[in-house]
Colleague: 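The following block contains the structure, expressed as C-alpha coordinates.
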There are 2 protein chains.
Amino acid sequence: MSLQTLKQQALANPQVREEYNKLENEFSLIDQLLSMRSTAGLTQAQVAEKMGTQKSNISRLEKGSSNPSWKTLLNYAQACGFQLAIKATKVS
Amino acid sequence: MSLQTLKQQALANPQVREEYNKLENEFSLIDQLLSMRSTAGLTQAQVAEKMGTQKSNISRLEKGSSNPSWKTLLNYAQACGFQLAIKATKVS
DNA sequence: ATTAAAGTTATCCTTTATGATAACCACCAA
DNA sequence: TTGGTGGTTATCATAAAGGATAACTTTAAT
(Lines give C-alpha, C1' and ligand atoms only; values in the text may rest on other atoms or scores of the structure.)
Protein backbone atom coordinates (compact mmCIF):
# COMPACT_ATOMS: atom_id res chain seq x y z
CA MET A 1 0.00 0.00 0.00
CA SER A 2 1.38 3.35 -0.97
CA LEU A 3 1.57 6.39 1.23
CA GLN A 4 -0.90 8.09 -1.06
CA THR A 5 -3.58 5.46 -0.67
CA LEU A 6 -2.94 5.34 3.05
CA LYS A 7 -3.59 9.07 3.18
CA GLN A 8 -6.70 8.66 1.07
CA GLN A 9 -8.07 6.02 3.38
CA ALA A 10 -7.29 8.06 6.44
CA LEU A 11 -9.03 11.06 4.92
CA ALA A 12 -12.03 8.90 4.14
CA ASN A 13 -12.67 8.98 7.87
CA PRO A 14 -14.73 12.10 8.50
CA GLN A 15 -13.15 12.77 11.89
CA VAL A 16 -9.68 12.56 10.48
CA ARG A 17 -10.64 14.77 7.59
CA GLU A 18 -11.95 17.45 9.89
CA GLU A 19 -8.67 17.59 11.76
CA TYR A 20 -6.76 17.54 8.52
CA ASN A 21 -8.74 20.45 7.15
CA LYS A 22 -8.10 22.45 10.27
CA LEU A 23 -4.38 21.80 9.98
CA GLU A 24 -4.34 22.81 6.34
CA ASN A 25 -6.00 26.04 7.31
CA GLU A 26 -3.49 26.75 10.02
CA PHE A 27 -0.62 26.18 7.66
CA SER A 28 -2.06 28.46 5.06
CA LEU A 29 -2.72 31.12 7.66
CA ILE A 30 0.91 31.24 8.73
CA ASP A 31 2.04 31.13 5.15
CA GLN A 32 -0.11 34.12 4.37
CA LEU A 33 1.25 36.05 7.31
CA LEU A 34 4.82 35.42 6.26
CA SER A 35 4.09 36.21 2.66
CA MET A 36 2.40 39.48 3.56
CA ARG A 37 5.37 40.64 5.55
CA SER A 38 7.94 39.54 3.02
CA THR A 39 6.21 41.15 0.06
CA ALA A 40 5.94 44.27 2.18
CA GLY A 41 9.66 44.05 2.75
CA LEU A 42 9.36 44.61 6.46
CA THR A 43 11.19 43.13 9.42
CA GLN A 44 9.42 41.73 12.43
CA ALA A 45 10.57 44.75 14.40
CA GLN A 46 9.06 47.11 11.83
CA VAL A 47 5.74 45.32 11.81
CA ALA A 48 5.79 45.26 15.59
CA GLU A 49 6.35 48.99 15.71
CA LYS A 50 3.46 49.66 13.33
CA MET A 51 1.27 47.42 15.45
CA GLY A 52 2.42 49.03 18.65
CA THR A 53 3.90 45.88 20.08
CA GLN A 54 7.18 43.98 20.36
CA LYS A 55 9.09 41.97 17.80
CA SER A 56 9.04 38.95 20.06
CA ASN A 57 5.28 38.90 19.83
CA ILE A 58 5.45 38.97 16.05
CA SER A 59 7.79 36.03 16.11
CA ARG A 60 5.43 34.14 18.35
CA LEU A 61 2.63 34.90 15.94
CA GLU A 62 4.56 33.75 12.89
CA LYS A 63 5.87 30.60 14.49
CA GLY A 64 2.35 29.31 14.61
CA SER A 65 2.56 28.44 18.27
CA SER A 66 -0.42 30.63 18.97
CA ASN A 67 -4.00 31.19 18.03
CA PRO A 68 -4.37 34.83 17.06
CA SER A 69 -7.55 36.80 17.41
CA TRP A 70 -9.22 38.25 14.36
CA LYS A 71 -8.23 41.76 15.36
CA THR A 72 -4.62 40.72 15.70
CA LEU A 73 -4.74 39.32 12.20
CA LEU A 74 -6.30 42.53 10.92
CA ASN A 75 -3.65 44.63 12.63
CA TYR A 76 -0.85 42.49 11.29
CA ALA A 77 -2.21 42.64 7.78
CA GLN A 78 -2.68 46.37 8.01
CA ALA A 79 0.85 46.84 9.24
CA CYS A 80 1.99 45.00 6.14
CA GLY A 81 -0.25 47.10 3.91
CA PHE A 82 -2.90 44.51 3.29
CA GLN A 83 -6.60 44.21 3.78
CA LEU A 84 -8.05 41.00 5.08
CA ALA A 85 -11.12 38.99 4.33
CA ILE A 86 -12.12 35.46 5.10
CA LYS A 87 -13.09 33.15 2.34
CA ALA A 88 -15.54 30.43 3.27
CA THR A 89 -15.92 27.52 0.89
CA LYS A 90 -18.44 24.76 1.24
CA VAL A 91 -16.90 21.39 1.96
CA SER A 92 -17.86 17.73 1.95
CA MET B 1 -20.60 70.07 1.24
CA SER B 2 -22.23 66.68 0.66
CA LEU B 3 -21.99 63.69 2.91
CA GLN B 4 -20.16 61.88 0.16
CA THR B 5 -17.40 64.44 -0.16
CA LEU B 6 -17.14 64.63 3.61
CA LYS B 7 -16.60 60.91 3.68
CA GLN B 8 -14.04 61.16 0.90
CA GLN B 9 -12.11 63.81 2.77
CA ALA B 10 -12.22 61.83 5.97
CA LEU B 11 -10.94 58.76 4.17
CA ALA B 12 -8.14 60.81 2.67
CA ASN B 13 -6.68 60.81 6.15
CA PRO B 14 -4.60 57.63 6.41
CA GLN B 15 -5.38 57.13 10.07
CA VAL B 16 -9.08 57.39 9.47
CA ARG B 17 -8.84 55.10 6.50
CA GLU B 18 -7.06 52.46 8.55
CA GLU B 19 -9.85 52.45 11.10
CA TYR B 20 -12.42 52.42 8.37
CA ASN B 21 -10.85 49.44 6.70
CA LYS B 22 -10.79 47.56 9.96
CA LEU B 23 -14.48 48.24 10.49
CA GLU B 24 -15.31 47.08 7.00
CA ASN B 25 -13.48 43.89 7.71
CA GLU B 26 -15.29 43.33 10.95
CA PHE B 27 -18.61 43.79 9.28
CA SER B 28 -17.79 41.37 6.54
CA LEU B 29 -16.59 38.83 9.07
CA ILE B 30 -19.89 38.78 10.92
CA ASP B 31 -21.77 38.72 7.65
CA GLN B 32 -19.83 35.67 6.60
CA LEU B 33 -20.53 33.90 9.85
CA LEU B 34 -24.24 34.52 9.57
CA SER B 35 -24.30 33.54 5.96
CA MET B 36 -22.45 30.31 6.63
CA ARG B 37 -24.93 29.26 9.26
CA SER B 38 -27.98 30.28 7.29
CA THR B 39 -26.91 28.51 4.12
CA ALA B 40 -26.19 25.48 6.27
CA GLY B 41 -29.71 25.76 7.62
CA LEU B 42 -28.60 25.34 11.20
CA THR B 43 -29.77 26.96 14.41
CA GLN B 44 -27.39 28.51 16.89
CA ALA B 45 -28.05 25.60 19.21
CA GLN B 46 -27.12 23.12 16.51
CA VAL B 47 -23.90 24.88 15.67
CA ALA B 48 -23.12 25.12 19.36
CA GLU B 49 -23.63 21.41 19.77
CA LYS B 50 -21.32 20.60 16.86
CA MET B 51 -18.72 22.93 18.34
CA GLY B 52 -19.12 21.48 21.79
CA THR B 53 -20.28 24.70 23.34
CA GLN B 54 -23.43 26.63 24.25
CA LYS B 55 -25.87 28.51 22.08
CA SER B 56 -25.36 31.66 24.10
CA ASN B 57 -21.74 31.68 23.06
CA ILE B 58 -22.73 31.42 19.42
CA SER B 59 -25.02 34.36 19.83
CA ARG B 60 -22.23 36.37 21.39
CA LEU B 61 -20.01 35.45 18.49
CA GLU B 62 -22.55 36.48 15.89
CA LYS B 63 -23.49 39.72 17.58
CA GLY B 64 -20.03 40.96 16.84
CA SER B 65 -19.39 42.04 20.39
CA SER B 66 -16.35 39.85 20.52
CA ASN B 67 -13.05 39.24 18.85
CA PRO B 68 -12.88 35.56 18.06
CA SER B 69 -9.70 33.57 17.75
CA TRP B 70 -8.74 31.95 14.51
CA LYS B 71 -9.46 28.51 15.88
CA THR B 72 -12.90 29.58 16.98
CA LEU B 73 -13.59 30.82 13.47
CA LEU B 74 -12.34 27.53 12.04
CA ASN B 75 -14.55 25.55 14.38
CA TYR B 76 -17.58 27.62 13.60
CA ALA B 77 -17.02 27.31 9.88
CA GLN B 78 -16.50 23.60 10.19
CA ALA B 79 -19.68 23.20 12.18
CA CYS B 80 -21.48 24.90 9.32
CA GLY B 81 -19.76 22.69 6.76
CA PHE B 82 -17.31 25.22 5.43
CA GLN B 83 -13.60 25.53 5.08
CA LEU B 84 -11.92 28.79 5.88
CA ALA B 85 -9.08 30.73 4.34
CA ILE B 86 -7.96 34.29 4.65
CA LYS B 87 -7.64 36.44 1.59
CA ALA B 88 -5.07 39.21 1.82
CA THR B 89 -5.26 41.98 -0.73
CA LYS B 90 -2.73 44.77 -1.07
CA VAL B 91 -4.11 48.16 -0.17
CA SER B 92 -3.18 51.83 -0.53
C1' DA C 1 36.60 36.90 13.76
C1' DT C 2 33.58 40.78 15.02
C1' DT C 3 29.78 43.23 14.84
C1' DA C 4 25.12 44.37 13.97
C1' DA C 5 20.67 43.20 12.54
C1' DA C 6 16.98 39.82 12.38
C1' DG C 7 14.68 36.44 14.52
C1' DT C 8 13.65 33.14 18.49
C1' DT C 9 12.58 31.66 23.09
C1' DA C 10 11.34 31.98 27.98
C1' DT C 11 8.98 34.28 31.51
C1' DC C 12 5.85 37.23 33.89
C1' DC C 13 1.72 39.98 34.03
C1' DT C 14 -2.66 41.84 32.47
C1' DT C 15 -6.42 41.63 29.62
C1' DT C 16 -9.72 39.15 27.22
C1' DA C 17 -11.94 35.17 24.89
C1' DT C 18 -14.47 31.30 25.88
C1' DG C 19 -17.27 27.94 28.52
C1' DA C 20 -21.21 27.37 31.47
C1' DT C 21 -25.50 28.49 33.52
C1' DA C 22 -29.66 30.85 33.93
C1' DA C 23 -33.05 34.15 32.95
C1' DC C 24 -35.00 36.62 29.48
C1' DC C 25 -37.45 38.31 24.82
C1' DA C 26 -39.84 37.50 20.24
C1' DC C 27 -42.36 34.76 17.53
C1' DC C 28 -45.56 31.39 15.98
C1' DA C 29 -48.64 27.47 16.16
C1' DA C 30 -51.96 24.76 18.67
C1' DT D 1 -53.19 31.89 26.33
C1' DT D 2 -49.98 28.63 26.51
C1' DG D 3 -46.08 26.13 25.21
C1' DG D 4 -42.16 25.53 22.26
C1' DT D 5 -38.41 27.16 19.49
C1' DG D 6 -34.81 30.39 18.26
C1' DG D 7 -32.18 33.97 19.79
C1' DT D 8 -30.27 37.40 23.33
C1' DT D 9 -28.20 39.09 27.54
C1' DA D 10 -25.86 39.01 32.06
C1' DT D 11 -22.66 36.99 35.00
C1' DC D 12 -19.00 34.20 36.72
C1' DA D 13 -14.84 31.28 36.35
C1' DT D 14 -11.02 29.74 33.80
C1' DA D 15 -8.07 29.25 30.04
C1' DA D 16 -5.56 31.63 26.82
C1' DA D 17 -4.08 35.76 24.04
C1' DG D 18 -1.26 39.58 23.97
C1' DG D 19 2.15 43.05 26.02
C1' DA D 20 6.75 43.71 27.99
C1' DT D 21 11.44 42.57 28.95
C1' DA D 22 15.58 40.13 28.57
C1' DA D 23 18.67 36.72 26.97
C1' DC D 24 19.69 33.89 23.34
C1' DT D 25 20.63 32.10 18.32
C1' DT D 26 21.22 32.95 13.35
C1' DT D 27 22.60 35.26 9.63
C1' DA D 28 24.96 38.55 6.84
C1' DA D 29 28.37 41.95 6.13
C1' DT D 30 32.88 43.86 6.78
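Convention: sequence-line order gives letters A, B, ...; per-chain numbering from 1. Fair warning: this is a prediction, and the values are worked out from it, not measured in the lab.
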Colleague: Heavy atoms only, 4.0 Å cut-off, all strands: where does A:Ser69 land among base, sugar-phosphate and nothing?
Modeller: sugar-phosphate
Colleague: Calculate the interatomic distance between B:Leu34 atom CG and D:dG7 atom C1'; express it in whole Å.
Modeller: 12 Å
Colleague: May I ask you to say what A:Thr43 touches in the nucleic acid, namely base, sugar-phosphate or nothing, with a heavy-atom cut-off under 4.0 Å?
Modeller: sugar-phosphate
Colleague: Nearest 0.5 Å, please: how far is SG in A:Cys80 from CG in A:Leu34?
Modeller: 9.5 Å
Colleague: Can you tell me how far P of C:dA6 sits from CZ of A:Arg37, to the nearest Å?
Modeller: 10 Å
Colleague: If you define the side chain from C-beta out and look only at heavy atoms, does anything of B:Tyr76 sit under 4.5 Å from B:Leu84?
Modeller: no
Colleague: Quickly work out the B:Glu49 CD to C:dA20 P distance and round it to whole Å.
Modeller: 12 Å
Colleague: Please examine the side chains of A:Ile86 and A:Trp70, heavy atoms only from C-beta on, and report whether any two atoms are closer than 4.5 Å.
Modeller: yes
Colleague: Show me the donor-acceptor pairs, under 3.5 Å and distance only, between side chains in residues 40-51 of chain A and residues at least two apart or in other chains.
Modeller:
from, atom 1, to, atom 2, distance (Å)
A:Thr43, OG1, A:Ala45, N, 3.4
A:Thr43, OG1, A:Gln46, N, 3.1
A:Thr43, OG1, A:Gln46, OE1, 3.4
A:Gln44, NE2, A:Glu62, OE1, 3.0
A:Gln46, OE1, A:Thr43, N, 2.8

Colleague: In this structure, how many angstroms lie between the P atom of C:dG19 and the OH atom of B:Tyr76, rounded?
Modeller: 14 Å
Colleague: For A:Gln46 and C:dG7, give me the distance from atom CD to atom C1', rounded to whole Å.
Modeller: 13 Å
Colleague: In whole Å, I'd like the distance from the CH2 atom of A:Trp70 to the P atom of C:dT18.
Modeller: 14 Å
Colleague: B:Ile30 versus B:Leu61: any side-chain heavy-atom pair under 4.5 Å?
Modeller: no
Colleague: On DNA chain D, does the nearest nucleotide to B:Asn67 precede the nearest nucleotide to B:Gln44 from the 5' side, or the other way round? Give the residue.
Modeller: B:Gln44
Colleague: Hey, are the side chains of B:Phe82 and A:Thr89 touching, using non-hydrogen atoms and a 4.5 Å cut-off?
Modeller: no
Colleague: Let me have a per-nucleotide readout for nucleotides 20-30 of chain D, 5' to 3', with B, S or -, counting only protein heavy atoms under 4.0 Å.
Modeller: BBB--------
Colleague: Measure the distance from NZ on B:Lys71 to P on C:dG19 and round it to the nearest whole Å.
Modeller: 13 Å
Colleague: Got A:Asn67 and B:Thr72 here, is their nearest side-chain heavy-atom distance under 4.5 Å?
Modeller: no
Colleague: Can you check the A:Leu73 CG to D:dG18 P distance for me, whole Å?
Modeller: 8 Å
